[in-house]
Amino acid sequence: KRLVAQDGELREIEDVGEVNMGDDKTLADFIAWGVKAYPAERYALVMSDHGDGWSGFASDESADDDMLDLAEIAGALKEGGATFDLIGFDGCVMSTVEVAEAVRPYAKVFVASEELEPGYGWNFTPWLTALAEKPAMDAAAVGRSICDTFKDYFDKNPDPEGKTITLAA
């Protein structure tokens with residue numbers, strides 16, 4: 001489903017049916033749709049799922065665990081037709097040189113964790129609220145906000161499994 005978050009509410013825009021999230025065409029289609037449906041001067045793309053570093057991202061259990069490898073991610077970013085101010089991975093072990101190199105042509109700022117992320121993942125509300133309050137915030141400031149709010153959340157709510165908290169922009 002394609003949803004819009006607006007005024008604290010989620011609203012369904014379209015039901016696209018069952019799609020393979022490990023297929024580069026799905027990601028490219030989503031990017032192209034977003035750019036066409038919501039033209040803007042600046043874009044950010046945050047992908048949230050299971051990460052596996054240089055091996056890939058977004059394993060789709062309903063499609064034989066198909067996963068986006070780095071070449072597919074780079075190809076989808078190119079095919080999608082947008083350059084992003086920020087690309088982030090809310091998933092484990094995605095902050096590697098290989099992943100950064102794959103997204104480098106398509107983003108100014110890259111945000112990811114080098115370790116296993118706690119099951120909760122990123123704390124979206126505080127950094128999105130900060131961005132809504134200061135929409136002129138540049139990509140570096142948004143990246144810092146994502147990292148700072150992630151750290152703040154886990155300082156107050158330690159991971160029950162004791163995972164190390166890492167996130168870099």
Side-chain angles (χ1 to χ4, degrees), residues 1-51 56-63 66-68 72-92 94-95 99 102-113 117-154 157 167-169:
K1 293 185 179 192
R2 292 180 173 163
L3 308 168
V4 169
Q6 190 172 27
D7 300 324
E9 302 287 327
L10 282 178
R11 184 170 45 92
E12 183 178 327
I13 299 298
E14 180 181 12
D15 186 342
V16 296
E18 182 70 27
V19 296
N20 178 355
M21 298 305 287
D23 184 344
D24 56 331
K25 291 172 191 59
T26 301
L27 178 56
D29 178 63
F30 174 75
I31 293 167
W33 167 80
V35 168
K36 183 177 179 184
Y38 299 95
E41 293 178 19
R42 302 179 314 159
Y43 294 99
L45 176 66
V46 176
M47 294 176 271
S48 182
D49 200 336
H50 297 291
F57 191 78
S59 176
D60 190 329
E61 295 169 358
S62 68
D66 191 13
M67 178 180 273
L68 291 165
E72 289 174 315
I73 292 170
L77 293 170
K78 182 178 181 180
E79 183 72 24
T83 300
F84 296 93
D85 285 73
L86 181 143
I87 292 178
F89 288 91
D90 181 11
C92 299
M94 294 304 289
S95 187
V99 178
V103 302
R104 181 182 53 79
Y106 310 102
K108 296 175 185 171
V109 174
F110 168 63
V111 180
S113 175
E117 278 194 2
Y120 317 127
W122 293 9
N123 190 15
F124 284 83
T125 301
W127 70 265
L128 287 172
T129 299
L131 181 58
E133 290 171 357
K134 289 182 67 180
M137 192 183 310
D138 68 13
V142 174
R144 276 191 303 278
S145 182
I146 293 167
C147 292
D148 289 347
T149 59
F150 183 79
K151 180 186 180 307
D152 291 347
Y153 180 81
F154 287 106
N157 304 283
L167 195 64

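Bear in mind that the values here come from a model prediction, so they are computed numbers and not experimental data.
F124 pairs by the ring-ring contact (aromatic ring centres under 6.0 Å, His included) definition with W122, W127, not counting sequence neighbours. By the ring-ring contact (aromatic ring centres under 6.0 Å, His included) test, F154 is found to be paired with Y120, F150, residues two or more places apart in sequence or in another chain being considered. Partners of D85 under the salt bridge (charged side-chain N to carboxylate O under 4.0 Å, His left out) rule, at least two apart in sequence or in another chain, are K108. Partners of K36 according to the side chain to side chain contact (heavy atoms under 4.5 Å, CB included) rule, which considers only residues two or more places apart in sequence or in another chain, do not exist here.
Atom OG in S59 sits 4.5 Å away from atom CE in M67 (nearest 0.5 Å). Note that CZ of R42 and CG of L131 are 7.0 Å apart. Values are rounded to the nearest 0.5 Å. Rounding to the nearest 0.5 Å gives a distance of 11.0 Å between CD1 of I146 and CG of N123. Note that NZ of K25 is 8.0 Å distant from CD of E72, once rounded to the nearest 0.5 Å. Note that the CG atom of D60 and the CG atom of D49 stand 8.0 Å from one another [nearest 0.5 Å]. The distance from the OG atom of S62 to the CD atom of E18 is 4.0 Å, given to the nearest 0.5 Å.
Sorted by first and then second residue, the salt bridge (charged side-chain N to carboxylate O under 4.0 Å, His left out) pairs with a member in residues 126-151 read K151-D155; sequence neighbours excluded. Applying the ring-ring contact (aromatic ring centres under 6.0 Å, His included) rule to pairs touching residues 72-91 yields F57-F89, sequence neighbours excluded.
In the displayed structure, E12 atom CD is contacted under 6.0 Å by more than 12 heavy atoms of other residues, nucleotides or ligands. For E79, the CD atom sits in a loose shell: 12 or fewer heavy atoms of surrounding residues, nucleotides or ligands are nearer than 6.0 Å. Enclosure of atom CE in M47 by more than 12 non-hydrogen atoms of other residues, nucleotides or ligands within 6.0 angstrom is indicated.
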> Taking it one step at a time, do L45 and L77 satisfy side-chain contact (heavy atoms from CB on, under 4.5 Å)?
Replying inline: CA-CA 10 Å; L45 176 66; L77 293 170; 3.7 Å; yes
>> side-chain contact (heavy atoms from CB on, under 4.5 Å), that's the test. Do Y38 and V4 meet it? Break it down for me.
In response: CA-CA 10 Å; Y38 299 95; V4 169; 3.0 Å; yes
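Formation of a donor-acceptor pair under 3.5 Å by the T26 side chain with backbone atoms of N20 is found in this model.
V16 has its side chain out of reach of W33: every pair of non-hydrogen atoms, C-beta onward, lies at least 4.5 Å apart. Residues Y106 and I31 form no side-chain contact, since every pair of their non-hydrogen atoms from C-beta on lies 4.5 Å or further apart.
Scanning all heavy atoms of the two residues, the minimum distance from C147 to A169 falls at SG-N, 3.7 Å.
At a threshold of 4.0 Å, the pair K78-D24 does not count as salt-bridged, since none of the basic side-chain nitrogens sits closer than that to a carboxylate oxygen.
Across V111, L86, L128, a single residue satisfies side chain to side chain contact (heavy atoms under 4.5 Å, CB included) together with V142, and that is L86.
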